[in-house]
Chemist: 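This is the structure, below, for whatever I ask next.
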Number of protein chains: 2
Amino acid sequence: MFSKACEYGIRASIFIAEQSLLDRKVSLKDVAEAIDSPAAYTSKILQKLSRNNIINSDKGPTGGFSMGKKELEKVKLSSIVFAIDGESIYNGCGLGLKKCNEKMPCPVHNQFKMIRDELKKMLETTTVLSLAVDYEKGFSFLKR
Amino acid sequence: MFSKACEYGIRASIFIAEQSLLDRKVSLKDVAEAIDSPAAYTSKILQKLSRNNIINSDKGPTGGFSMGKKELEKVKLSSIVFAIDGESIYNGCGLGLKKCNEKMPCPVHNQFKMIRDELKKMLETTTVLSLAVDYEKGFSFLKR
DNA sequence: TAAATAGTGGACAATTTTATCCAATATAAA
DNA sequence: TTTATATTGGATAAAATTGTCCACTATTTA
Ligand code: FES
Ligand code: FES
């Protein structure tokens, strides 16, 4: 479904959001441990999220990653997926043709379109904040 | 969504099904041209489909790939996806945790489960035959 | 200002996926 | 029985993704 990088990105964002709710900045190491991911690789992903204004990062001692109120309010899962995996979820063809195309559809176009549109809607309406709140309550897990 | 191999596998199956409806066996080359895929790679995929009794293959002159009436009647998209990509579509976690797990769900479990269940249902109810019939009528395309 | 800390960026390595090549096998027809 | 044809299987190769290492920059604090 998503690339490994994107999975890490989503999990990291939820963790950072949750800690930000508690007014805590977190270090790369914190994130990697919280979501059980390779630190150096995670670093690249956080950089990308940072450049896309999904999280912010501060250097130096007392530095780390965090999300401000604005980000917490507006970041949806779709923002993260788009930043990391690009627009393939939106215009990719389920059978790998160059692009999804209504006029010259692949054999499963109609079936795929329905499911993809729901996925899209889900990603666009689910906020990282809401997921972070649930996570904070212990309802969900970022590693096992 | 699916691996490239799986995409080729589905497209190949639809083409083979359609040609079988016209009582034609097709060669590897025919398939690769019809779906615009690398022949040697496609060969591996057809072998896997053949070993899983999704298509049959005959060696020697007049040989080639085909689907019999039984296969045409019972092969669903899910058979192909399962044969090539395995069960990850069924039990994989959307955020990459070891396995999807109701008891210790990842933060997007509920949202994902809904979509994945629909995808699953779609794959399990869509026959290759129905897609082949539409393709035969010129309603859909296997390459562009 | 010096030292310690934390993210950044670039090069590089490992792994997985995708793709190619070729000899071997099976089969049909001449 | 020979020849031609078509799939099979194994060994490689190329490309993409995932993962690592390390020197550098920015920043805080002593
Ligand atoms: S053309 Fe294949 S999904 Fe739309
Ligand atoms: S636990 Fe992640 S999708 Fe079910």
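In the text below, chain A, chain B and the rest are named by the order of the sequence lines, each starting its count at 1.
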Chemist: Should the pair Glu33(A)-Lys29(A) be classified as a salt bridge under the 4.0 Å nitrogen-to-oxygen rule?
Modeler: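 Judged by the 4.0 Å cut-off on N to carboxylate O distance, Glu33(A) and Lys29(A) do form a salt bridge.
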Chemist: Nearest whole Å is fine: how far is dG19(D) P from Asp36(A) CG?
Modeler: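 About 11 Å, once rounded to whole Å.
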Chemist: Can you check the Lys59(B) NZ to dA4(D) P distance for me, whole Å?
Modeler: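 Going from Lys59(B) (NZ) to dA4(D) (P), I get 19 Å.
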Chemist: Would you mind reading off the distance between Tyr41(A) atom OH and dG10(C) atom C1', rounded to a whole angstrom?
Modeler: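 Rounded to whole Å, this separation is 16 Å.
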Chemist: Could you tell me whether Val31(A) contacts a base, only the sugar-phosphate backbone, or nothing, with contacts defined as non-hydrogen atoms closer than 4.0 Å?
Modeler: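 Contact class for Val31(A): none.
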Chemist: By nearest heavy atom, map Ser3(B) and Val26(A) onto DNA chain C; which one lands nearer the 5' end?
Modeler: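 Looking at DNA chain C, the more 5' nearest nucleotide goes with Val26(A).
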Chemist: Look at Ser57(A) and dT8(C) and indicate whether a side-chain polar atom (N or O) is within less than 4.0 Å of OP1 or OP2.
Modeler: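 Affirmative; the distance criterion is met.
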Chemist: OP1 or OP2 of dG9(C) sitting under 4.0 Å from any side-chain N/O of Gln47(A)?
Modeler: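 Gln47(A) to dG9(C) OP1/OP2: side-chain N or O found under 4.0 Å.
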Chemist: Checking contacts here: which listed nucleotide (dG7(C), dT18(C), dC21(C)) is nearest the side-chain heavy atoms of Lys4(B)?
Modeler: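 Per side-chain heavy atoms of Lys4(B), the pick is dT18(C).
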Chemist: Please report, rounded to the nearest Å, how far the C1' atom of dT27(D) is from the NZ atom of Lys25(A).
Modeler: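 From Lys25(A) NZ to dT27(D) C1': 10 Å.
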Chemist: Ring centroid separation for Phe15(A) and Phe65(A), is it under 6.0 angstrom?
Modeler: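 They do not qualify: ring centres at least 6.0 Å apart.
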Chemist: Between Tyr8(A) and dG19(D), does any side-chain N or O lie under 4.0 Å from OP1 or OP2?
Modeler: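 It does, given that an N or O in the side chain of Tyr8(A) lies less than 4.0 Å from OP1 or OP2 of dG19(D).
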Chemist: Write down the distance between NZ (Lys44(A)) and C1' (dT20(D)), rounded to a whole number of angstrom.
Modeler: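 Nearest whole value for this atom pair: 9 Å.
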Chemist: Expressed in angstrom and rounded to an integer, what is the separation of Asp58(A) atom CG from dT28(D) atom C1'?
Modeler: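 After rounding, the gap between these two atoms is 12 Å.
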Chemist: Rounding to a whole Å, what distance do you find between Asn56(B):CG and dT7(D):C1'?
Modeler: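 Value for this atom pair: 13 Å.
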Chemist: Does a sphere of radius 6.0 Å around NZ in Lys4(A) hold more than 12 heavy atoms from other residues, nucleotides or ligands, not counting ones at 6.0 Å or beyond?
Modeler: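 Counting other residues, nucleotides and ligands, NZ of Lys4(A) exceeds 12 neighbours.
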Chemist: Closer to the 5' end of DNA chain D via nearest nucleotide, is it Gly63(B) or Ala5(A)?
Modeler: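 Looking at the nearest nucleotide for each, Gly63(B) comes out on the 5' side.
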Chemist: Think Arg51(B) has a side-chain N or O under 4.0 angstrom from the OP1 or OP2 of dG9(D)?
Modeler: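 So the side-chain polar atoms of Arg51(B) do come within 4.0 Å of the phosphate oxygens OP1 or OP2 of dG9(D), strictly under.
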Chemist: Picking from dT20(D), dA28(C), dC21(C), which would you name as closest to the side chain of Pro38(A)?
Modeler: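 Selected nucleotide (nearest to the side chain): dT20(D).
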Chemist: Given dT5(C), dA19(C), dT20(D), identify the nucleotide with an atom nearest to the side chain of Pro61(A).
Modeler: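 It is dT5(C).
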Chemist: With a 4.5 Å heavy-atom cut-off, do Thr126(B) and Lys76(B) have their side chains touching?
Modeler: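 Heavy-atom side-chain distance check fails, nothing below 4.5 Å.
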Chemist: Base, sugar-phosphate or nothing for Ser43(A)? Non-hydrogen atoms, less than 4.0 Å.
Modeler: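 The residue Ser43(A) makes base contact.
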Chemist: Using whole Å, report how far CG of Leu28(A) lies from C1' of dT25(D).
Modeler: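 Roughly 16 Å, once rounded to whole Å.
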Chemist: Base, sugar-phosphate or nothing for Lys29(B)? Non-hydrogen atoms, less than 4.0 Å.
Modeler: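 The answer is nothing, as Lys29(B) stays clear of every strand by at least 4.0 Å.
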Chemist: Taking the side chain as every heavy atom from C-beta outward, state whether Glu136(A) and Leu22(A) have any pair of such atoms under 4.5 Å apart.
Modeler: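 Yes; the side chains approach each other to less than 4.5 Å.
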